[in-house]
Each structure stands twice: as C-alpha cells, then as structure tokens.
Student: 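One structure, as structure tokens, below. Some questions next.
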Amino acid sequence: MKIGLMGGTFDPPHIGHLLIAEQAQEQLELDAVWFVPANVPPHKQRTVTDATKRLRLVEEAIALNPAFSVSAIEFEREEPSYTYDTIRALKHRYPEHEFLFLVGADSLVSLDTWYQAERLYEEVVFGAVARPGSRYLIPRGARVKAVDMPLLEISSTDIRQRVARGRSIRYLVPEAVRQRIEEWNLYAP
C-alpha cells in the first residue's frame, strides 16, 4: 500500500488538515493517509494540550473518512518525536508499505534543519502541499512531489485564539472536534 503520513501537533486538528490529506490522497494516488500526532513535539515552545486529548481530537476529526486513520506510534516514546525516527519505525513495522510524508510547501525551506535531514531524505519522499505565499524551494537531496490545493488560511493557533476570545470556530474544525473542545473547555482563557 502507498501511505501518506501527516505528522503534527494537531492542537486542534482542523478542516485544513483534512483538506490537505484529501488532496494528497487523490493527487498522489495514496491508498490511505495516516495522521501521526506527536506525543512530545520537539519544536513547540509553548505548552500544548495533553497528548491523549489531541489524539482523541484527531480520531474524531477523521472518523467519517474510511481512507484516514491514526497512528499512535509516537506515543510509544516519551522523548521528543522526530520525523526521521518515526519514518524508520514505520518502515520497520510495515516493510510492505511505501510511505510519503506530507508537509506544507513552506516547510521545504527548513527541511535541512530537521533532525537527521540528509538521512531522512533517503528514507522518504515528501508530498509538498501549496500554502498561501509558499514556493517550492526543494533542499538538495530531498525527493518531493507537489500537491495543489485550494489556499485556506486556517491554523491551529488562530483557532485556539478564537476560542480564547469567545469567538466561533464552527466550520473551521469538524463538528465533533468543536463539540469536544467545548466539552473539555480547551483553549478557554
């Protein structure tokens, strides 16, 4: 099977994440997309929502798409989750699958700064999704396939700020995610 991997903090998951996964699945002819929430995100300076709650939010966000699933592989480690380690672990566990790692095209410019970047380039092909104002600046050695999608300016940061200000996030996140955020009183001041 050809699997797209979508890593991230997902704090919270939103419709932009789902649209990226859908467009990548179609354009890269993926059999499935696995969402891989980080247990301990290595690059986040702020405190993030409890990992098990973020995992549950992702499960609820993707529940209606049979081609989407969640991998909790990063929850098997207590230390920060690096893409290189995750890709290696998945390839070892599922040698019959081909993996592509989905990133925003704006992330390509910083790929060289990722943990074990040159070794990561050897391990996986990247599916680069166009984002507002981004260009495809491909690092030397990286293998990249482009994914076009409608440009939406939706971010988890903006969603958290909207909740904190008492503003609506309806239609920015799946309804099940919105309800869970409200039930758990996430992101409220």
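Numbering of residues begins at 1 and proceeds along the displayed sequence. This one's a predicted model, so the numbers in the text were calculated from it and none came from an experiment. Computed from heavy atoms alone, side chains included, the values below leave out hydrogens, waters and symmetry copies.
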Student: Out of curiosity, Leu100 CG to Ile3 CD1, how far, rounded to the nearest 0.5 Å?
Tutor: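 Separation between the atoms: 9.5 Å.
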Student: Does atom CZ (Arg165) have a neighbourhood of more than 12 heavy atoms from anything else shown, all under 6.0 Å?
Tutor: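 It does: Arg165 CZ has more than 12 such atoms within range.
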Student: Evaluate side chain to side chain contact (heavy atoms under 4.5 Å, CB included) for Leu102 paired with Leu28, printing each intermediate quantity in order.
Tutor: CA-CA 10 Å; Leu102 307 177; Leu28 299 177; 4.1 Å; yes
Student: If two hydrophobic side chains count as joined below 4.5 Å and joins carry through other members, does Met6 share a cluster with Leu64?
Tutor: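 Cluster IDs for Met6 and Leu64 differ.
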Student: Hey, what do you get for CZ (Phe68) to CD (Gln25), rounding to the nearest 0.5 Å?
Tutor: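 That separation rounds to 5.5 Å.
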Student: Closest approach of Thr49 and Arg54, non-hydrogen atoms and distance?
Tutor: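 Taking Thr49 first and Arg54 second, the nearest heavy atoms are O-NE, 2.8 Å.
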Student: If every non-hydrogen atom of Ala128 is compared with every non-hydrogen atom of Ala105, which pair is closest and at what distance?
Tutor: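 The pair with the smallest heavy-atom distance is CB-CA, 4.3 Å.
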Student: Determine whether more than 12 heavy atoms belonging to other residues, nucleotides or ligands lie under 6.0 Å from atom CD of Glu118.
Tutor: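 Open.
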Student: List the steps, then state whether side chain to side chain contact (heavy atoms under 4.5 Å, CB included) holds for Val177 with Arg180.
Tutor: CA-CA 5 Å; Val177 170; Arg180 190 67 63 199; 5.7 Å; no
Student: Looking at Arg88 and Glu123, does any basic side-chain N land under 4.0 Å from a carboxylate oxygen?
Tutor: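 Yes.
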Student: Could you check whether any side-chain heavy atom of Asp85 comes within less than 4.5 Å of a side-chain heavy atom of Arg77, counting everything from C-beta outward?
Tutor: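 Counting from C-beta outward, Asp85 and Arg77 do come under 4.5 Å.
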Student: Are side-chain heavy atoms of Ile169 and Arg178 found at a separation under 4.5 Å?
Tutor: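 Contact flag for Ile169/Arg178 side chains = yes.
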Student: Counting neighbours of CD on Glu29 that are heavy atoms of other residues, nucleotides or ligands and sit closer than 6.0 Å, is the number greater than 12?
Tutor: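 It does not: Glu29 CD has 12 such atoms or fewer within range.
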Student: Fit a plane to each ring of His14 and His17, take the angle between them on a 0 to 90° scale, and name the class: parallel (under 30°), tilted (30 to 60°) or perpendicular (over 60°).
Tutor: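 Taking His17 first and then His14, their aromatic rings lie parallel (interplane angle under 30°).
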Student: Which atoms form the tightest heavy-atom contact between Gly4 and Leu30, and what is the distance?
Tutor: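 Minimum heavy-atom contact is CA-CD1, 3.7 Å.
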Student: Quick check: do Tyr187 and Arg162 have side-chain heavy atoms less than 4.5 Å from each other?
Tutor: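 The answer is no; the side chains never approach within 4.5 Å.
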Student: Are Ser156 and Thr9 close enough that some pair of their side-chain heavy atoms sits under 4.5 Å apart?
Tutor: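 Ser156 does not reach Thr9 side chain to side chain.
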Student: More than 12 heavy atoms of other residues, nucleotides or ligands under 6.0 Å from CD of Glu175: is that the case?
Tutor: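 Yes, CD of Glu175 has more than 12 neighbouring heavy atoms, counting only those of other groups under 6.0 Å.
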Student: Answer whether the closest heavy-atom distance between the side chains of Met149 and Ile20 falls below 4.5 Å.
Tutor: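 Yes, side chains in contact.
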Student: Side chain to side chain contact (heavy atoms under 4.5 Å, CB included) for Leu18 and Asn65? Distances and angles first, verdict last.
Tutor: CA-CA 9 Å; Leu18 300 178; Asn65 189 325; over 6 Å; no
Student: Under a single-linkage definition using a 4.5 Å side-chain heavy-atom cutoff for Ile, Leu, Val, Met, Phe, Trp and Tyr, are Val40 and Phe35 assigned to the same hydrophobic cluster?
Tutor: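 Result: no, two separate clusters.
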Student: If only atom types and distance count, is the side chain of Ser155 paired as donor or acceptor with the main-chain N or O of Asp158 below 3.5 Å?
Tutor: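 Indeed, once roles are kept as given, a pair shorter than 3.5 Å links the two residues.
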Student: Which pair of non-hydrogen atoms, one from Tyr121 and one from Asp112, has the smallest distance, and what is that distance?
Tutor: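 Looking at all heavy atoms of both residues, the closest pair is OH-OD1, 2.5 Å.
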Student: Out of curiosity, Arg119 CZ to Glu122 CD, how far, rounded to the nearest 0.5 Å?
Tutor: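 Answer rounded to 0.5 Å: 8.0 Å.
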Student: Evaluate the side-chain proximity of Thr83 to Phe126: yes if any heavy-atom separation is below 4.5 Å, no if none is.
Tutor: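 Contact flag for Phe126/Thr83 side chains = no.
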Student: Supply the atom-to-atom distance Phe99 CZ to Lys2 NZ, rounded to the nearest 0.5 angstrom.
Tutor: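 Taking CZ in Phe99 and NZ in Lys2, the distance rounds to 13.0 Å.
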Student: Measure across Glu60 and Ala176 and return the closest heavy-atom pair with its distance rounded to 0.1 Å.
Tutor: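 So the minimum-distance heavy-atom pair works out to OE1-O, 3.4 Å.
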Student: Hey, what do you get for OH (Tyr171) to CD1 (Ile154), rounding to the nearest 0.5 Å?
Tutor: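 Going from the OH atom of Tyr171 to the CD1 atom of Ile154 covers 13.5 Å.
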Student: Compare all side-chain heavy atoms of Trp34 with those of Leu90 and state whether any distance is below 4.5 angstrom.
Tutor: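 Yes, at least one pair of side-chain atoms sits under 4.5 Å.
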Student: Any side-chain heavy atom of Val124 sitting closer than 4.5 Å to one from Leu5?
Tutor: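 Answer no - side chains too far apart.
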Student: Is it true that, when you exclude Glu78 itself, more than 12 heavy atoms of the residues, nucleotides or ligands shown sit nearer than 6.0 Å to its CD?
Tutor: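 12 or below, so no.
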Student: Hey, what do you get for CG (Asn39) to CD (Glu79), rounding to the nearest 0.5 Å?
Tutor: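 Here the rounded value is 9.0 Å.
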Student: Let me see the working for Leu57 and Leu186 under side chain to side chain contact (heavy atoms under 4.5 Å, CB included), right down to the final yes or no.
Tutor: CA-CA 11 Å; Leu57 290 174; Leu186 296 179; 4.0 Å; yes
Student: Looking at Val173 and Pro13, what are the two nearest heavy atoms and their distance?
Tutor: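 Smallest heavy-atom distance, with atoms named: CG1-O, 3.5 Å.
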